[in-house]
Amino acid sequence: MLVQDMEQIFQDKIDREIKIEPKDWMPEAYRKTNLRQISQHAHSEVVGMLPEGNWISRAPSLKRKAILLAKIQDEGGHGLYLYSAAETLGFSRDEMINDLLSGKAKYSSIFNYPSLSWADMGAVGWLVDGAAILNQVMLCRTSYGPYARAMVRICKEESFHQRQGFDALLVLSRGSKEQKAMCQDAINRWWWPSLMMFGPKDSESTNSDQSMKWKIKRKTNDELRQQFVDMIAEQIKTLGMVLPDPALKWNEARKHYDFGAINWEEFWNVVKGNGPCNKQRLAARNKAHDEGDWVREAAKQYAEKKRNRAKEQAA
Ligand SMILES: [Fe+2]
Ligand SMILES: [Fe+2]
């Protein structure tokens, strides 16, 4: 069969909403785009545990500590489902992890910002997980089967993450003068980086058209970003706080909130590795990997022992 015909069959399947599965024929660029996206997503889940891990030992109560621990543990689980989904595209987990540890692979730039106060745990849950959810709800219907199925479970857990973040901020927003100030400060610092999570403007996003045609994504970066602004601009009223954007205003004609210009220079600078915590995050992942070496070694030895025993019994 000609490649053109294979491509036609492939596109027809996508148009008819039939999921693409690991053993199906797929264009090389489709495989590569999914592999890049799913592995970057997995890395983001795992690196995303670091800014929050910073506050486990300093959570203000046992209840908050238990909630934060559960949330961070969920993120580790998300990373594992996603590495498994990415492996179906013919790249091993070891290779993916090596690319993360060497700095070759990217992860979401938001995690290169520091978590400076307890209120950051609220702001991360509410804003960062909130932005992630909008992207991920869309991905529950993405065309690659293993990715779509992983996202269904992840999304259920993400909504718990967002609510716990909002709840932590709500308590601070009703607290003392200092707690209110801490709450506002965290929102000020996390707002703009959260908007950057949706990626470059559609006019500057290189892979967007093809990804939409292949239904890897179903909404553009700008559509998702607008949806996020509209959602948060309403939710923040309950907190009695403000978003750090003087241009934020409801536009009756568009039926959306208008918002100010994003500092794309900052975005690209962090992507290139010059954010406040890029080096620290990679160093922490490398250290954890090195310290886990004995666990991998022990697992390997145990597997070998089991294999040998099975062989002896068979003989
Ligand atoms: Fe997650
Ligand atoms: Fe999350």
Side-chain angles (χ1 to χ4, degrees), residues 34 36-56 59 63-87 93 96-97 100 105-115 118-142 144 146-170 186-187 189-191 193-199 216-217 224-225 227-228 231-232 235 277 281 284-285 288:
N34 266 294
R36 193 188 57 234
Q37 194 177 320
I38 303 169
S39 59
Q40 277 181 12
H41 191 165
H43 298 326
S44 304
E45 299 284 353
V46 170
V47 177
M49 297 165 82
L50 296 171
E52 292 177 305
N54 186 31
W55 282 90
I56 294 173
K63 179 182 142 195
R64 290 288 171 200
K65 186 187 282 216
I67 294 172
L68 186 62
L69 264 173
K71 194 259 188 206
I72 298 173
Q73 203 170 6
D74 283 353
E75 307 297 9
H78 298 172
L80 296 182
Y81 316 151
L82 289 166
Y83 282 126
S84 297
E87 277 190 312
R93 187 179 301 205
M96 284 183 257
I97 290 180
L100 171 68
K106 296 264 177 279
Y107 53 84
S108 181
S109 272
I110 191 87
F111 302 119
N112 291 316
Y113 289 84
S115 52
W118 169 252
D120 286 31
M121 297 303 93
V124 167
W126 178 44
L127 298 174
V128 177
D129 290 81
I133 289 171
L134 292 185
N135 200 23
Q136 293 175 351
V137 164
M138 163 187 83
L139 290 173
C140 291
R141 298 193 303 126
T142 191
Y144 188 57
Y147 195 20
R149 289 188 289 272
M151 291 321 301
V152 173
R153 176 157 171 195
I154 290 178
C155 278
K156 285 181 189 158
E157 295 177 347
E158 291 301 347
S159 47
F160 152 66
H161 298 172
Q162 198 198 15
R163 277 177 210 184
Q164 68 83 32
F166 188 79
D167 180 66
L169 290 185
L170 190 62
I187 294 169
R189 284 181 291 104
W190 288 95
W191 174 244
S194 304
L195 289 188
M196 296 175 198
M197 282 175 73
F198 297 97
I216 294 175
K217 15 187 328 184
L224 288 167
R225 187 162 20 239
Q227 201 184 339
F228 179 69
M231 176 176 88
I232 298 297
Q235 290 178 353
C277 300
R281 301 297 183 229
R285 285 310 318 155

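Counting starts at 1 for both ligands and their atoms, following the listed order. Note that this is a predicted model, so its numbers are computed, not measured. What you see below is based on every heavy atom in this structure, not just the backbone, and it leaves out hydrogens, waters and symmetry mates.
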Review point. Which value, rounded to the nearest 0.5 Å, describes the distance between D74 atom CG and L69 atom CG?
Key: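 Atom-to-atom, D74:CG and L69:CG are 11.0 Å apart.
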From the N, O or S atoms in [X], identify the one nearest to the Fe ion (ligand 2).
X	answer
H161	ND1
E158	OE1
E75	OE2
D129	OD2

Check your understanding: Is there a donor in the side chain of H161 and an acceptor in the side chain of E158, or the other way round, less than 3.5 Å apart?
Key ->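 Indeed, the side chains of H161 and E158 share at least one donor-acceptor pair under 3.5 Å.
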Check your understanding: Are F228 and W191 an aromatic pair by the rule of ring centers under 6.0 Å?
Key ->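 That pair passes the under 6.0 Å test.
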Check your understanding: Any idea which N/O/S atom from H78 gets closest to the Fe ion (ligand 1)?
Key ->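 Atom name returned: ND1.
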**Study point:** Whether E45 has an N, O or S atom under 2.8 Å from the Fe ion (ligand 1)
**Key:**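 Under 2.8 Å: E45 contacts the Fe ion (ligand 1) through an N, O or S atom.
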Review point. Checking only N/O/S atoms, does E157 have one that is under 2.8 Å from the Fe ion (ligand 1)?
Key: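 Of the N, O and S atoms in E157, none lies under 2.8 Å from the Fe ion (ligand 1), which means no.
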Point to revise | Lys/Arg N to Asp/Glu carboxylate O, R64 vs D167, below 4.0 Å | key: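 Counted as a salt bridge, because a side-chain N and a carboxylate O are separated by less than 4.0 Å.
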Point to revise | Identified side-chain hydrogen bond (donor to acceptor under 3.5 Å, both in side chains) partner of D129 from the options K71, Q162, Q136 | key: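 Answer to the side-chain hydrogen bond (donor to acceptor under 3.5 Å, both in side chains) test with D129 among K71, Q162, Q136: K71.
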Point to revise | Main-chain N/O of S115 paired to W55 side chain as donor or acceptor, under 3.5 Å | key: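 Yes; judged by distance alone, with no hydrogens or angles, the pair exists.
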